[in-house]
Amino acid sequence: MINKELLDILVCPELRTPLTVADDELLAALNRAVAEGRLKNRGGERVDRPLDGGLVREDREVVYPIQDGIPIMLVDEAIPLSQVTEGKA
């Protein structure tokens with residue numbers, strides 16, 4: 001999916017903290033929210049394409065989407081994870 005060497009140099013553009021690859025469970029939850037039309041990015045736009053993957057910020061507050069194998073590393077394109085993790089322990 002994403003080259004380990006690239007992952008090692010990428011950081012959150014907002015906080016400059018490390019990123020990890022979203023696991024299958026989180027990716028499935030994000031894509032369910034996309035299919036239900038309830039996922040929005042930080043810019044307030046609805047996410048209407050399923051994600052190929054995602055890069056999760058160290059604090060697990062946001063995920064940067066991966067589309068067509070390319071990480072979208074823009075702050076406004078980040079997706080707040082509270083939309084899919086609320087109520088989970």
Side-chain angles (χ1 to χ4, degrees):
M1 162 147 68
I2 189 163
N3 180 305
K4 169 134 175 55
E5 292 163 356
L6 177 59
L7 183 60
D8 288 344
I9 61 171
L10 286 176
V11 294
C12 169
E14 181 180 27
L15 301 180
R16 304 283 184 233
T17 55
L19 302 165
T20 58
V21 175
D23 61 31
D24 291 340
E25 182 180 344
L26 177 57
L27 187 59
L30 288 163
N31 283 329
R32 273 193 303 276
V34 169
E36 294 167 2
R38 60 181 178 84
L39 196 66
K40 291 186 178 181
N41 64 26
R42 288 178 78 185
E45 294 181 19
R46 189 169 61 91
V47 178
D48 56 4
R49 283 181 61 197
L51 306 180
D52 296 339
L55 297 176
V56 181
R57 192 167 71 190
E58 185 176 54
D59 64 6
R60 298 203 51 86
E61 293 288 320
V62 299
V63 61
Y64 291 93
I66 297 175
Q67 294 290 359
D68 301 321
I70 300 169
I72 311 300
M73 302 299 297
L74 301 171
V75 173
D76 282 349
E77 295 292 323
I79 299 166
L81 286 174
S82 61
Q83 297 174 88
V84 294
T85 60
E86 289 175 346
K88 288 189 176 183

Side-chain heavy-atom pair [X], [Y] within 4.5 angstrom cut-off:
X: Thr17; Y: Asp59; result: no
X: Asp76; Y: Glu45; result: no
X: Val63; Y: Leu27; result: no

More than 12 non-hydrogen atoms from neighbouring residues, nucleotides or ligands closer than 6.0 Å to [atom1] on [X], yes or no?
X: Glu5; atom1: CD; value: no
X: Arg42; atom1: CZ; value: yes
X: Asp24; atom1: CG; value: no

Working to the nearest 0.5 angstrom, can you tell me the gap between Leu39 CG and Ile79 CD1? 4.5 Å
At their closest point, which heavy atom of [X] faces which heavy atom of [Y], and how far apart are they?
X: Leu10; Y: Pro71; value: CD1-CG, 4.1 Å
X: Pro80; Y: Lys40; value: CD-O, 3.5 Å
X: Ile66; Y: Gly54; value: CD1-N, 3.7 Å

In plain terms, say whether Asp48 and Arg46 are close enough for a salt bridge, that is, a side-chain N and a carboxylate O under 4.0 Å apart.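 No, Asp48 and Arg46 are not salt-bridged.
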Please assess Leu51 against Gln67 for the test side-chain contact (heavy atoms from CB on, under 4.5 Å), listing each intermediate value before the final yes or no. CA-CA 6 Å; Leu51 306 180; Gln67 294 290 359; 3.3 Å; yes
Exam field: side chain Asp68 to backbone Ile70, donor-acceptor pair closer than 3.5 Å: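 Such a contact is absent between Asp68 side chain and Ile70 backbone.
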Begin from the C-alpha positions of Val84 and Arg32 and carry the test side-chain contact (heavy atoms from CB on, under 4.5 Å) through to its verdict. CA-CA 9 Å; Val84 294; Arg32 273 193 303 276; over 6 Å; no
Step by step, would you call Val56 with Asp23 a side-chain contact (heavy atoms from CB on, under 4.5 Å)? CA-CA 9 Å; Val56 181; Asp23 61 31; over 6 Å; no
